[in-house]
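Just so you know, these numbers use all the heavy atoms, side chains as well, and skip hydrogens, waters and symmetry mates. Remember, predicted model here, so these are calculated numbers, not experimental data.
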Amino acid sequence: MLWKLVSAAIKDNNSLIKAKFSRKDSCRNYDLEAAIIKVTSHDNYVIDRRNAQIVFSWIRASSISLRPFVWALSKRMEKTRSWVVALKGLMLMHGVLRSKVPAVQNMGRLPFDFSDFTDGHSKLSKTWGFNAFIRDYYAFLDKRAALSYDQHNQKAQHRYPLMLQSLLNVQNLQFLLGLLLKVRPLADNMNVGLIIEAMNCVTVEIFDVYSKICNEIAKVEYYGTPTNANELPTVTQILEEDVQQKLERIANGDSDKTCRDIGFVENNKMAKDLTKENLIDAIVGQIDKTKVSGLETIITDKWVVFYENLNVNGIKNINTVAEETAGKALNLIPIYHYEIPDLITF
């Protein structure tokens with residue numbers, strides 16, 4: 001056991017020395033590469049959170065750091081035969097994918113392949129559970145990265161209608177949730193700290209994916225209940241000429257019939273179609289005299305204020321009727337009297 005720990009430490013130190021003295025190019029960043037090596041060390045008792053945060057900081061600081069990160073991590077994952085290094089690399093990749101950096105979302109599938117991973121340092125009877133765990137964890141992360149890439153491109157291109165896009169998202173997320181539920185310890189010897197830490201990451205992801213499924217289903221319910229246009233009330237536009245004729249009939253004493261014909265009193269929207277000239281023409285005109293039920297109506301070109309409703313033998317004065325009708329049509333109370341030009345604004 002001690003020999004394995006010493007051998008693992010020597011391997012990690014050799015990797016750091018090679019990274020320091022290797023040829024510099026645009027794909028390599030020694031500080032970032034050294035942090036990756038320390039995070040993915042062979043020690044299954046230590047989880048280097050400090051260097052993991054350094055890697056995340058590099059990725060969030062600039063999208064330029066993504067290329068050196070992918071290069072360094074893929075090179076280390078391709079060479080390893082240790083389930084400890086492989087699992088730490090997957091956990092580091094999981095943290096980078098959750099960083100929500102646009103460049104990461106557009107990365108596509110993982111830059112390495114663990115679909116047939118097998119530990120080469122112990123017997124298969126002892127490591128089969130770890131091998132299965134890494135394969136399932138890799139399958140989930142690879143699919144997650146691919147879906148993020150597809151969704152990023154679909155949003156940019158507006159490829160599908162909103163409701164269809166939500167249905168596709170629900171389908172993909174359900175498949176992703178199925179992959180997540182497969183990531184679990186299967187062997188009895190997997191009660192170790194590194195597996196528990198990985199399961200914490202998986203559990204958080206399960207709740208996150210489930211929340212996204214609920215949100216997408218809510219969108220489908222919203223998009224799937226459009227308003228039926230046949231159920232909307234039909235609004236009939238009243239022509240300006242008709243309004244002028246009705247007002248003239250009101251002024252001439254045919255107010256009750258007019259109100260019955262077009263629902264003039266109850267239609268408050270009619271006031272929007274009136275103009276100042278129409279209202280003035282209805283009340284102010286050339287001097288004329290009209291006989292209504294024995295009463296005499298005088299129409300003058302001067303402003304007239306009506307103070308109260310006069311009732312002679314049970315018949316209202318036609319001036320009062322015209323005033324009440326016009327006042328209701330304008331959503332006004334007849335007891336208040338204003339100058340007509342200030343009543344309506346268009």
Side-chain angles (χ1 to χ4, degrees), residues 4 7-44 46-48 51-52 54-56 58-59 63-99 101 103-124 126-146 148-149 179 183 194-195 197-198 201-202:
K4 289 184 178 181
S7 176
I10 293 174
K11 289 180 180 180
D12 293 335
N13 288 330
N14 290 337
S15 298
L16 289 173
I17 294 172
K18 289 180 181 180
K20 185 175 183 179
F21 293 100
S22 59
R23 183 174 59 88
K24 303 296 186 295
D25 54 41
S26 59
C27 294
R28 307 190 70 168
N29 181 331
Y30 170 73
D31 294 331
L32 182 59
E33 190 172 349
I36 292 173
I37 294 172
K38 293 176 181 178
V39 171
T40 59
S41 65
H42 288 76
D43 190 352
N44 64 333
V46 177
I47 300 174
D48 195 339
N51 280 286
I54 292 176
V55 174
F56 299 151
W58 275 98
I59 299 298
S63 59
I64 300 177
S65 302
L66 182 62
R67 186 179 179 184
F69 166 78
V70 170
W71 186 90
L73 184 63
S74 61
K75 288 296 181 180
R76 186 160 176 81
M77 295 299 103
E78 289 171 357
K79 294 179 180 179
T80 189
R81 298 293 303 277
S82 169
W83 72 264
V84 176
V85 176
L87 183 55
K88 287 184 177 182
L90 291 175
M91 293 171 62
L92 181 62
M93 194 73 217
H94 194 178
V96 171
L97 290 176
R98 290 184 60 86
S99 64
V101 176
V104 174
Q105 306 304 319
N106 201 30
M107 181 179 63
R109 301 184 62 178
L110 299 190
F112 51 88
D113 186 7
F114 279 164
S115 57
D116 58 349
F117 176 83
T118 301
D119 184 88
H121 299 285
S122 300
K123 295 180 180 180
L124 184 60
K126 295 182 179 180
T127 59
W128 69 268
F130 298 98
N131 296 337
F133 189 91
I134 290 173
R135 292 172 184 175
D136 292 336
Y137 197 7
Y138 165 80
F140 157 70
L141 291 177
D142 188 55
K143 185 64 175 178
R144 187 189 193 280
S148 297
Y149 175 78
L179 293 177
V183 184
L194 191 57
I195 295 295
E197 186 70 21
C201 300
V202 171

I need the Asn51 CG to Thr40 OG1 distance, nearest 0.5 Å. 10.0 Å
All heavy atoms of Leu110 vs all of Ala145, minimum pair found to be CD2-CB, 4.2 Å
For Ile64, look at atom CD1 and say whether over 12 heavy atoms of other residues, nucleotides or ligands are found less than 6.0 Å away. no
One thing to verify: whether Arg76 and Asp12 come together as a salt bridge, which I'm taking to mean a side-chain N less than 4.0 angstrom from a carboxylate O. yes
Say you draw a straight line from CD of Glu197 to CG of Leu87; how long is it, rounded to the nearest 0.5 Å? 10.0 Å
Evaluation steps, side chain to side chain contact (heavy atoms under 4.5 Å, CB included), between Asp119 and Lys126: CA-CA 10 Å; Asp119 184 88; Lys126 295 182 179 180; over 6 Å; no
Here the pair of heavy atoms bringing Val39 nearest to Ala52 is CG2-N, 3.3 Å
Under 3.5 Å, side chain of Asn131 to main-chain N/O of Thr127, donor-acceptor pair present? yes
Heavy-atom side-chain proximity of Leu141 to His94 below 4.5 angstrom: yes
Classify the ring geometry of Phe140 against Tyr137: parallel below 30°, tilted from 30° to 60°, perpendicular beyond 60°. parallel
Taking Arg135 for its side chain and Phe117 for its backbone only, find out whether a donor-acceptor pair lies under 3.5 Å. yes
Hey, is the main chain of Trp58 close enough, under 3.5 Å, to the side chain of Ser65 for a donor-acceptor pair? yes
Please give me the minimum heavy-atom distance between Lys88 and Ser41, naming the atom from each residue. NZ-OG, 3.0 Å
Grab the two heavy atoms, one from Ala35 and one from Ile54, that are nearest each other, plus how far apart they are. CB-CG2, 4.1 Å
To the nearest 0.5 Å, what is the distance between CG (Leu194) and CG (Asn44)? 7.0 Å
Heavy atoms, side chains only, cut-off 4.5 Å: are Asp136 and Leu179 in contact? no
For Phe56, does the CZ atom have more than 12 heavy-atom neighbours from other residues, nucleotides or ligands under 6.0 Å away? yes
Output, in order, the C-alpha distance, side-chain angles, deciding distance and verdict of side chain to side chain contact (heavy atoms under 4.5 Å, CB included) for Phe69 and Val96. CA-CA 10 Å; Phe69 166 78; Val96 171; 3.6 Å; yes
Under the side chain to side chain contact (heavy atoms under 4.5 Å, CB included) rule, what do Val85 and Met77 come out as? Steps first, then yes or no, please. CA-CA 8 Å; Val85 176; Met77 295 299 103; 3.7 Å; yes
Nearest heavy-atom approach of Ser99 to Ile59 is OG-CG2, 4.4 Å
Using the rule given for side chain to side chain contact (heavy atoms under 4.5 Å, CB included), can you reason through Ile195 versus Trp83, listing the C-alpha separation, both sets of side-chain angles and the distance that settles it, and then say yes or no? CA-CA 11 Å; Ile195 295 295; Trp83 72 264; 4.3 Å; yes
Once rounded to the nearest 0.5 Å, what's the spacing between atom CG of Leu90 and atom OH of Tyr138? 9.0 Å
Lys20, Arg28, Lys75 screened by salt bridge (charged side-chain N to carboxylate O under 4.0 Å, His left out) with Glu33, the one that passes: Arg28
How many angstroms lie between CD in Glu78 and CG in Asp113, if you round to the nearest 0.5 Å? 9.5 Å
Gap separating the CG atom of Asp31 from the CD1 atom of Ile36, nearest 0.5 angstrom: 11.0 Å
Nearest atoms (heavy-atom pairs only) where Phe114 meets Ala86: CE1-CB, 3.6 Å
Would you say the side chain of Val55 lies within less than 4.5 Å of the side chain of Leu32, judging by non-hydrogen atoms? yes
